[in-house]
> 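Here it is, the structure in full.
Just the heavy atoms: all of them, side chains too, but no hydrogens, waters or symmetry mates, feed the values below.
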Amino acid sequence: MGFIGSGHIGSTVARLAIEAGYRVVLSNSRGPETLADTVAELGPWASAATSGEAAAAGDLVVVTVPVKAFPDLPAEPLAGKTVIDTCNYGPERDGHIPELDSSSLTSSELLLRYIPDAMVVKAFNNIFFKHLQSLARPAGAADRSYLPIAGDSAPAKAAVTEFIASIGYGVLDAGPLADSWRQATGTPVWGTPYGPFSNEKGQPVDEDAIRVALATATR
């Protein structure tokens with residue numbers, strides 16, 4: 001798996017992936033050498049590279065960067081790849097982006113404009129990174145939590161569903177990228193179902209609760 005961005009969510013997904021038997025190649029905007037401590041912590045199944053190298057290395061590639069960094073993504077090595085988009089738009093960090101402010105595009109649809117030959121699936125953007133780590137459960141566990149995904153490619157969604165299942169979560173298909181606003185920052189499914197940030201262990205969330213939260217979202 002390749003990772004473009006290695007912040008809280010990226011490094012947590014990488015850790016869960018390694019525990020599930022995946023090799024991971026991490027990258028960030030500051031260069032591979034700045035990831036030495038993270039790689040050392042994650043162990044021998046982790047390595048660091050440039051973003052282009054990480055994109056080329058991954059069968060699945062996780063993009064977990066500020067929305068304002070979309071223009072800097074390596075489009076060519078992402079062509080034909082399934083890309084997991086964990087990104088959330090925040091005008092206070094990203095600056096105002098007219099298409100997102102007007103809701104004419106979702107942030108995932110904007111991402112697709114910069115990597116048009118990739119297959120983008122929205123996932124992991126609605127859960128606090130500490131909850132993502134602590135709520136992972138084996139298949140068949142009664143308290144296995146669910147995560148929503150959105151995307152336009154059925155094969156890509158199938159690949160992401162398989163990956164998410166392997167790291168300890170069930171998946172609810174939330175529709176196409178155009179509907180991914182239903183899991184964006186501030187919506188009912190964003191953060192709240194898994195418990196407050198102050199409770200680092202979080203609380204398990206079943207499929208029905210995620211479905212209801214998505215259905216009650218408004219723009």
> Report yes or no: do S145 and D206 form a side-chain donor-acceptor pair below 3.5 Å?
no
> Run I149 and L172 through side chain to side chain contact (heavy atoms under 4.5 Å, CB included) and show every step you take.
CA-CA 6 Å; I149 68 169; L172 178 64; over 6 Å; no
> Would you say V13 and Y22 make side-chain contact, with heavy atoms under 4.5 Å?
no
> Does any N or O in the side chain of R144 come within less than 3.5 Å of the main-chain N or O of A165, such that one atom is a donor and the other an acceptor?
yes
> Measure the shortest side-chain to side-chain distance between V63 and I84 over non-hydrogen atoms and say whether it is less than 4.5 angstrom.
no
> Closest approach of F70 and C87, non-hydrogen atoms and distance?
CE2-SG, 3.8 Å
> Any heavy-atom pair between the side chains of L105 and R113 that's under 4.5 Å?
yes
> Are the side chains of T82 and V61 in contact, using a 4.5 Å heavy-atom criterion?
no
> Which label fits H131 and F197: parallel for a plane angle under 30°, tilted from 30 to 60°, or perpendicular past 60°?
perpendicular
> Can you tell me how far apart CG (D117) and CG (L78) are? Round to the nearest 0.5 Å.
10.0 Å
> Take S108 and T106 through the side chain to side chain donor-acceptor pair (under 3.5 Å) test and state the conclusion after the steps.
CA-CA 5 Å; S108 290; T106 64; 4.9 Å; no
> Is there a donor-acceptor pair closer than 3.5 Å between any side-chain N or O of K157 and the backbone N or O of G151?
yes
> Are V121 and L214 connected in the hydrophobic side-chain network, where two residues link if heavy atoms are under 4.5 Å apart?
yes
> So, taking the atom named OG1 in T185 and the one named OH in Y89, what distance separates them when rounded to the nearest 0.5 Å?
11.0 Å
> Side-chain contact, heavy-atom cut-off 4.5 Å: T50 with E53?
yes
> Would you find more than 12 non-hydrogen atoms of other residues, nucleotides or ligands less than 6.0 Å from E162 atom CD?
no
> Any side-chain heavy atom of Y146 within less than 4.5 Å of one from V171?
no
> Within the structure provided, determine whether Y194 and L135 are in side-chain contact (heavy-atom separation under 4.5 Å).
yes
> Return yes when atom CG of D59 has more than 12 non-hydrogen atoms of other residues, nucleotides or ligands closer than 6.0 Å, and no otherwise.
no
> What residue among D173, D85, D152 forms salt bridge (charged side-chain N to carboxylate O under 4.0 Å, His left out) with K122?
D85
> Whether the side chain of R30 engages the backbone of S27 through a donor-acceptor N/O pair (distance < 3.5 Å, no angle test) should be reported.
no
> Looking at D179 and R182, is any side-chain nitrogen of the basic one under 4.0 Å from a carboxylate oxygen of the acidic one?
no
> Let me confirm one number: the CG-CZ distance from L60 to F163, rounded to the nearest 0.5 Å.
7.0 Å
> Just by distance, with hydrogens left out, do T38 and E41 show a side-chain donor and acceptor under 3.5 Å apart?
no
> Has K81 got a side-chain atom pairing as donor or acceptor with A55's backbone, closer than 3.5 angstrom?
yes
> If you define the side chain from C-beta out and look only at heavy atoms, does anything of I4 sit under 4.5 Å from N28?
no
> Can you tell me how far CH2 of W190 sits from CD of Q183, rounded to the nearest 0.5 angstrom?
13.0 Å
> What do you reckon, is CD of E33 surrounded by more than 12 foreign heavy atoms closer than 6.0 Å?
yes
> N88 and side chain to side chain donor-acceptor pair (under 3.5 Å): which single residue from N126, D94, N125 fits?
N125
> If the threshold is 4.0 Å, N to carboxylate O, is there a salt bridge linking R15 and E19?
no
> Is it true that L147 and V205 fall in one hydrophobic cluster, defined by side-chain heavy atoms closer than 4.5 Å?
yes
> Determine whether T216 and T187 satisfy the following criterion, side chain to side chain contact (heavy atoms under 4.5 Å, CB included), listing intermediate values before the conclusion.
CA-CA 9 Å; T216 55; T187 59; over 6 Å; no
> Nearest 0.5 angstrom please: S104 OG to I97 CD1, how far?
11.0 Å
> If only atom types and distance count, is the side chain of S102 paired as donor or acceptor with the main-chain N or O of P98 below 3.5 Å?
yes
> Has D37 got more than 12 heavy atoms of other residues, nucleotides or ligands less than 6.0 Å from its CG?
no
> Using 0.5 Å steps for rounding, measure from the CZ atom of R23 to the OG atom of S47.
8.5 Å
> Would T86 and T64 count as having a side-chain donor-acceptor pair, cut-off 3.5 Å?
yes
